[in-house]
Amino acid sequence: MPIVEYKNGMFSDIKPEEGLKKALSLSRGEVISIITDSGLKGRGGAGFPCGTKWNLAASASDEEKYIICNADEGEPGTFKDRVLLKEYPNLLFEGLTIGGYAIGAKKGILYLRGEYTYLLKGLLQVLEERRKNNLLGEKILGKDGFNFEIEIRMGSGAYICGEETALIESLEGQRGEPRNRPPFPVNTGFMGHPTSVNNCETLVLSARILAKGADYFKSFGTPKSTGTKLLSVSGDCKKPGVYELPFGVTIKELLKIVDGEDAKAVQIGGASGFCIPKKDFSRKIAYEDVSTGGSVIVFGEKRDMLDVAINFAEFFVEESCGQCTPCRFGTVEILKGLKNLKKGDLSLSMLKELLSLGKTMQLASKCGLGQSAPNAFISIVENFPDEVLGREEV
Amino acid sequence: MTDKKHIEYPDKSRTPLSQQPQEIEKPKDEKEIGALIRVVIDGVEVKVKMGTTILEAARKANIKIPTLCYHEDLCIAGLCRICVVEVEGMRTLQASCSFPITQPITIKTYTPNVRQARRHILDLLLTNHYGECYTCKRNGNCELQSLADEYGVDFFRFGKMERPRYEVDSSSYAIVRDMNKCILCRRCVRTCIDLQEVGVLEAINKGSKTEIATFFDKPLLDVVCINCGQCINRCPTAALTAQDPSDIIWEAINDPKKHVVMQTAPAPRAAICECFNMPPGTPLTFQLNTAIKMIGFDKVFDTNFTADLTIIEEGSELLSRLKKALVDKEPTALPQFTSCSPGWVKFLEHFYPEMIPNLSSAKSPQQMFGALIKTYYAEKAGIDPADIVTVALMPCTAKKFECNRPEMCDSGYKDVDYGLTTREMASMIQEAGIDLPNLPKTDFDNPFGTATGSGVIFGATGGVMESALRTVIELVTGEKVEKFYDHANITPVRGFEGIRVAEIKIPKVAEVPLILKHLFSDFKWLEGATLKVAVAHGTANARKILEDIKKGGIFSTMHFIEFMACPGGCLGGGGMPIPTNIEIREARARAIYQEDESYSVRKSYENPIITQVYSEFLKDGPLGHKSHKLLHTHYTKRGKFIF
């Protein structure tokens, strides 16, 4: 399996603006078919094919379209977008510009996480430079008819605003709450216009695909999960940090790289992801196996998995937007149950009821937040029954 | 003679996009390929138009899907999730109210997953609902209660709320807000923001701390609430209810010293049947009179009498304004706005205070009657007005606020003591054990007697305008309205379209009738003129007109505009029986127009008692000194921000 190797650091395999120049030498349709051919899927976690999304937005009948870079990186344990925003802002804006060209948008919006306000000044400077270098504005790089501007808008700290429709609501000045889908943003998005919302990493990768070709991209990863993935590794390991690894890497291999081999469990996909116990460490990080938006949290032998579950449950009680019933109140019941479990005060039948409530939340919640809120709870109870059950009454 | 026009407004309302109806583009021609889509629901095949929601399709197939946040009058929210169903091929359950059908699909509405999910959602709502059913105003008419019954809820799976979490806000004269009973369906939010464009209620906080709040969580009295009560009509539980004065009214009835007088408005009479399990649109006007007397009210009067009086006063005011503008060429506030709807009046005071001069100074029929009862009637009947208690049966919650306005004491006493809603009247009747539908009929009491058909139609949107036109046309032209409109039914101003406009040409004028002689020497200046009028119901539509006037659009060239705060006019009022939807409101409207047709006198100025009151009591005629004191009022600039 080829591993991405860099002589001069991450993304040194591509030259600045190589992808954008290539894109502008092609028609919009050609750009989209290259992206489609590469198999690039959304890196935020949901894994929707980027080519399909751009194609839908491109073919929607509206003069006014938008492309939004989702930099509301809020999933606990993920910090890879921060690295992109800080170290590779040009590459990110290049990807956003390529996306804008592909779908026919005149405007791109970077929705920056509230906690990343300290990056704003630097990013604005980069945008100013890009304007000076004709990488933004009118007739970009001499391309007739391609005018594109990028605006940065700040989030205010709500986790839910990472959900694309809630993000759009927030951009419109409303409460950050998910909309009904369908209609999807590619049809009815920002201010009612077709909008493509893409993760930072997806956009950066689109620049690489344009620069190096779809085949180069496909040479990494698995057939269903092409390319590489940025993983933010944290927790009980000696070498935490951001790693770029090809899809298909097993958890075991990953733990070896980050020097955390004595872990008893790994939380893949942050609070909304799943907890993988040691016996399943041969599973692969890929859309078809264990999917992640980038967060990998390593739990060593000494961690109390019930505390871990309580921690995640508290997170969702805090971050549920409160719009739909299953998520608004279900998260509270799960946290209540876990706390009772810790006190040795939860009957098995109630635990069963809560697991079934978790299933209802997965099936009936309005958006991805509610649908994934019980994941950690369910996987910890299922995988660590001996550890979480039978606590002494305090 | 008239010309009915529809006006389309391209400008968007300030409703958040997410709360606006989101419709899929539908082919216009139903025969077009793909225009009709085949869906299978629980094995039943139905063909529906593209963009139909699963819920609508299921109703077509006679399959019941429970709903809570869904309401026919409001845009889609899709947030309670009680209506989830399984759509073949989809990973998660879909909310049937918000899922538009765009391709052939197979739907199952009662799989184990669906049942489990619905039960869990109900359990979660019940756990967070302060369910004191016995003492609840919506006991027996609560959507949450009936769902719990339907789904066989027999215990609180996730515990129950032992004591209330929130203080009940009963600061408002009209509306009581009890957040302990709120299930966060946000129908009130959508009613207030989207349907009425007032925007008093909105969700605040997030997660389980979410609640519906006013601006800075202030008491309802201190925000821009117009008291229309539309939120009450659409609340599935008793989180929103009306201020109920019935206990104090019982006390007054039981007090032998008090002379308790009731006036009944036309809309409640057309709708109270719904509280007695009768189909909407069964008028019980005269049975109601019997019931009111049985309960112990001393007199029952017909608010239509003062509706007729309103027409005379407001019509004279309109003619005076027109003369001032056309003949005297003086700056005059035109178009003149009607002032019968207290919700609308407060809306204008808050949001468009600069247009208060356009508002007719005539009081609403309720307040005119109050003032007359404690003066004219008290004198005639020889009763000390201090001992008279006036109660007004109204379809309206804003009337409760209106009778408490400080300026409404022109008789020297509080003109109207209590506003009673249709719902409260029904429960008083039920409490007295009276079988309303099977009662004999009783006439209204003298000296005001039975009024005209013009007064009756005040209950429907367009009614005030129609009544005014009937009288103004006849007074000005000297011809019968029937000459211009069959049966005097001025249909261009009727209907449920949000805004309706009509133009009336005055081909010739007649001598000024006696009743107006003190105001005009002749009507020559009106000959050949075209009277331009408009009708709007729902404050969202009112806002459109007012914005247009501000921009100097076509409505600024009009002469007279009728506004009603509630959708459908009074018959859709905030005090009317729950539930409400367009079919129910249409049935009430039919009842009202039928009642109008049954009257022999259908024009306000022909009401003999009106003539009598002007000759005996309001001797200096319409707009005269006495009528000015008793029948007219002034308004308050309130503004949008209250500190």
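The shown structure was predicted, so the numbers you read here are calculated from the model rather than taken from an experiment. For the numbers below, each heavy atom of this structure counts, side chains included, while hydrogens, waters and symmetry mates do not. Here is how names work: the chains are called A, B, and so on, in the same order as the sequence lines, proteins then strands, and each is numbered from 1.
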Item to check | Per-residue contact mode, A:M361 against chain B (heavy atom under 4.5 angstrom) | outcome: neither

Checklist entry - Does some side-chain heavy atom of B:L124 sit less than 4.5 Å from a side-chain heavy atom of A:L357? => result yes

Checklist entry - With sequence neighbours left out, which residue pairs that include part of residues 81-123 of chain B fulfil the ring pair (Phe, Tyr, Trp, His ring centres under 6.0 Å) condition? => result none

Checklist outcome for this item: Cut-off 4.5 Å, heavy atoms of chain A, and the answer for B:I183 is backbone

Checklist entry - Between A:R175 and B:E202, does at least one N-O distance fall below 4.0 Å, as a salt bridge requires? => result no

Checklist outcome for this item: Residues at least two apart in sequence or cross-chain that pass side-chain contact (heavy atoms from CB on, under 4.5 Å) with A:F184, listed by chain then number, are A:R181, A:P182, A:V186

Item to check | Contact origin within A:Q323 toward chain B - heavy atom pairs under 4.5 Å | outcome: both

Next on the checklist: Taking side chain as everything from C-beta outward and backbone as N, CA, C, O, which of these in B:A95 sits under 4.5 Å from a heavy atom of chain A? Side chain, backbone, both or neither.
Outcome noted: neither

Next on the checklist: Whether A:E177 and B:R186 form a salt bridge (side-chain N of Lys/Arg under 4.0 Å from carboxylate O of Asp/Glu) is what I want to check.
Outcome noted: yes

Checklist outcome for this item: When the 4.5 angstrom heavy-atom criterion is applied to A:S356 and chain B, the contacting part is both

Checklist entry - Looking at side-chain heavy atoms only, is the closest gap between B:L125 and A:T325 below 4.5 Å? => result yes

Checklist entry - B:R118 versus chain A, heavy atoms under 4.5 Å apart: side chain, backbone, both or neither? => result neither

Checklist entry - Quick one: side-chain contact (heavy atoms from CB on, under 4.5 Å) partners of A:K359, sequence neighbours excluded? => result A:Q362, A:L363, B:N113

Checklist entry - Looking only at heavy atoms, which of residues 84-92 of chain B get nearer than 4.5 Å to chain A? => result B:V84, B:R91, B:T92

Checklist entry - A:E353 versus chain B, heavy atoms under 4.5 Å apart: side chain, backbone, both or neither? => result both

